[in-house]
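Because only heavy atoms are used, hydrogens play no part in the values below, and waters and symmetry mates are left out as well, while side chains stay in.
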Amino acid sequence: MEGDLSETVDALPGLVWTAFPDGRAEFVNRGWREYTGLSLEQVSGAGWQAAVHPEDLPFLLDSWFTIIASAQPGEAQARLRRFDGVYRWFLFRASPMTDSAGQVIKWCGINTDIENHKRDEATSRANAQHFRLVVDMLPTRVILVTPAGELDHANRHTLEYSGMTAKEYKASWAAGELLHPDDRQTVAATISASLGSGMPYDGESRHTCANGIYRWLRVQGFPLHDEEGNIVLWLFLQTDIDDRKQADERLRKSAVQMTKAQQLSSCGSFCWCPETDGMSCSDELYRIFGVEPGTSVTLEMVTARVLPSDAHIVNKILEQAREGKELDCEYRIRLPDGSIRHVLMQAHAIHDPHGPVEYIGAVQDVTARRQSEDTLNSLQAELAHASRVDSLGALTASIAHEINQPLSGIVTNASTGMRMLNATPPDVEGALETLRRTLRDGHRASDVIARLRSMFKKEVLASVPVDLGEAALEVITLLRVEMLRKRISLQLDIAHDLPAVTGDRIQLQQVMLNLLMNAVEATRDVDDDQKQILLKIEREDATYARLTVTDSGVGFDLQHAVRLFDPFYTTKAGGLGVGLSVCRCIIDRHGGSLWASGTERSGATFAFRVPFGGNPAAAGESSLPGGNRQNADAAHTVRHL
Amino acid sequence: MSDDRSLIAVVDDDESVRESLPDLLRLCGFASRTFSSAEEFLASGCADDANCLILDIALPGMSGRELQRELKVRQHTVPIVFITAHWDEALRPRVLEQGAIECLSKPFSDTALLDAIQTALAAP
């Protein structure tokens, strides 16, 4: 080697060397010698190989001879022993020097210390290994995807869940077969959008699982960045939400069914907390109240719709709600379009010891029912009239039959008698017989008339102890629905210690019914919240019990009071006027009296008194079972119906 | 004694009819038998002999119209003249439709009855 160049090479701050074309070492520079601690003599020929790590030598030599054979520059890595015995990784690079004929005349090489780089690489490899291990151990389904959208790794859980090997899973992923056919297109589009934008992915889709069925998974994808902020990997987390999805679906279905059922029954439901006035309503309830579904509903909105004449009902209910009572009422509302609905509201209070009272309730639209009831009532009225007419017809027919029978005998006997007397010779004997029968049948007809008269003569047929209070309650039972419907408030004030009166229970009840019906009729044109009837039964004195019916109705003109009880006197457009006169007859026959009082403004009072039966005390003992003694502690029962 | 007179059967629960009609029928040249119920009439076998049946509609037990149906079932062709104390406009056409000769409402005149009997006897 030329002196100058040798010195220059020797001084280069690196490990530099030259070799003969056959690969034997020719020269190593000072850096080389100082690093290995070997002399030029020791290195020459194949001596340099002693500094190479024995494990790396075969590979290095192999590479070296390949490079020589190729006559082209080449490189290989191997550990080179330092003077102190420590091996460090080096990159051996060799380049040929050729003559003008292209023949290799010498090899020049340089060894670069890559120990630090190697170590970094190993660390990073170990880190990646570690990362996969962690991912594999995660007790949830995780897959790693490259930024290009290729599957990098599916963790153990994912493979177990899908029932596939890693290879199968990779193939299925590539073929897009892991997803339900209906979901493939959308998911592919959204995932590629995420991969493109780097925005996290979050979606729900159906995935195959081990038993071949599809289950709903929530898939969340997060990009993993390197130090420079580039996305190196995507991590997708898959959560099984199939049970929740199914529960959601069941919930949705049952909500649909509930809505349908509420529609069919015209029944809406609500939850209401009086303290906070928080209210939630079903769709049907919105419909009933004519409110846009979803609007937040307040009590004020509800009460604003209530008809003014029914406001007292709702106010009473609100009062009960403040006391945490069960709620049950019927009222009318006016919708924004002006139509009127009858609604039935029932609510149950839920008393939570830790919170305010909450009501859960139902509101039913009973408009159609009320309307058909009204129709039915008018039909019933017509029917009642028809049956009165009909029973009159039946009565006439029955009277006709009773009279026609003897008349038939009379006519036949008379005509037979005439024929007998007209005969030659006249059959006087026979004619006398027919006359005798004619006479007898005539009496028979007259008997029929007499019997009819006695049948229609109103007499007290029965004479039994009657508990006026109990009898009145039975009558009220008959009228209760009618009164509720007409929004009449009925107040009862019945003395408990009353002995029984003696008489005909049915007839006395007819009188009560008549007086109550009159009162109901009298309140017809009064405002709903003013419709009141008071029924009072009390002891007038030692002899008489008194029943009073007072209404808040239109009242009557005092000058007509005397005529009220005349047969056929009526103030009602549709009335026959027979009621009160019959009532008076019945009461008269019970040894009592019936009267009326009141003014035109303040409604009317009708009352009757009837005597207690026999010894008042004894009669009390024999009064009908029930009522009296049960509430002996209270002198009166005052009830609002 | 042999009797060439037509036999008229009377079924009526009213005694005054059962008393008065036989006299009238006898005066007019008919023989008669009376029964107070449809059952009694059926049991007597008179249906085979009677030339005409005067039948009340409202009878206790089997009614007049039921007897009419029963006779039809038994293929008795005795012509029937109904009498009734119940006057019902709709009744007459119904019983006539079922083959009755006449339906008279009580009280009826002797001539109306005799006319009906003559029609019955003339019937084929």
Side-chain angles (χ1 to χ4, degrees), chain A residues 386-453 455-456, chain B residues 5 8-32 34 36-37 52 54-60 63-65 81-92 94 102-118:
Chain A
S387 85
R388 260 206 309 277
V389 170
D390 196 49
S391 58
L392 199 63
L395 192 66
T396 313
S398 140
I399 294 169
H401 182 260
E402 291 300 310
I403 309 277
N404 280 338
Q405 290 287 27
L407 278 183
S408 179
I410 290 167
V411 170
T412 306
N413 279 309
S415 51
T416 308
M418 266 173 74
R419 281 172 190 271
M420 286 173 167
L421 291 176
N422 275 335
T424 320
D427 179 2
V428 177
E429 197 83 351
L432 277 174
E433 174 60 19
T434 57
L435 278 176
R436 195 186 53 76
R437 290 187 207 141
T438 304
L439 211 56
R440 185 203 58 196
D441 287 350
H443 284 303
R444 218 179 110 196
S446 144
D447 284 351
V448 169
I449 301 290
R451 215 164 57 233
L452 278 173
R453 279 174 65 186
M455 198 194 292
F456 284 94
Chain B
R5 295 178 300 169
I8 314 293
V10 177
V11 182
D12 197 317
D13 63 323
D14 190 69
E15 202 191 343
S16 61
V17 172
R18 292 203 306 275
E19 269 179 359
S20 56
L21 275 188
D23 280 350
L24 179 66
L25 292 171
R26 183 171 47 79
L27 276 178
C28 297
F30 301 112
S32 66
T34 59
S36 64
S37 72
C52 177
I54 297 172
L55 179 56
D56 189 22
I57 285 187
L59 288 170
S63 76
R65 299 195 63 199
V81 175
F82 277 109
I83 53 175
T84 176
H86 283 291
W87 186 235
D88 183 350
E89 292 291 340
L91 189 63
R92 190 167 180 273
R94 283 210 296 265
E102 187 50 280
C103 181
L104 301 170
S105 58
K106 297 178 186 178
F108 44 82
S109 72
D110 53 353
T111 49
L113 180 68
L114 293 172
D115 283 351
I117 292 174
Q118 292 304 340

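Only the side chain of R26(B) comes within contact range of chain A, judged by heavy atoms closer than 4.5 Å. Heavy atoms closer than 4.5 Å to chain B are found in both the backbone and the side chain of N413(A). Only the side chain of L27(B) comes within contact range of chain A, with at least one heavy atom under 4.5 Å from a heavy atom of that chain. Proximity to chain A (any heavy atom under 4.5 Å) is restricted, for D14(B), to the side chain, taken from C-beta onward.
Rounding to the nearest 0.5 angstrom, the gap separating the OG atom in S408(A) from the CG atom in D12(B) is 7.5 Å.
In terms of heavy-atom proximity, Q405(A) sits nearest to S16(B) at O-OG, 4.0 Å. Between P107(B) and N404(A), the shortest heavy-atom contact is CD-OD1, 3.6 Å.
In this structure the side chain of T412(A) never reaches within 4.5 angstrom of the side chain of V17(B), judged on heavy atoms. For the pair R444(A)/E15(B), no side-chain contact is recorded, criterion being any heavy-atom separation below 4.5 Å from C-beta on.
Interface with chain B: from residues 418-431 of chain A, residues R419(A), M420(A) qualify, criterion being any non-hydrogen pair under 4.5 Å.
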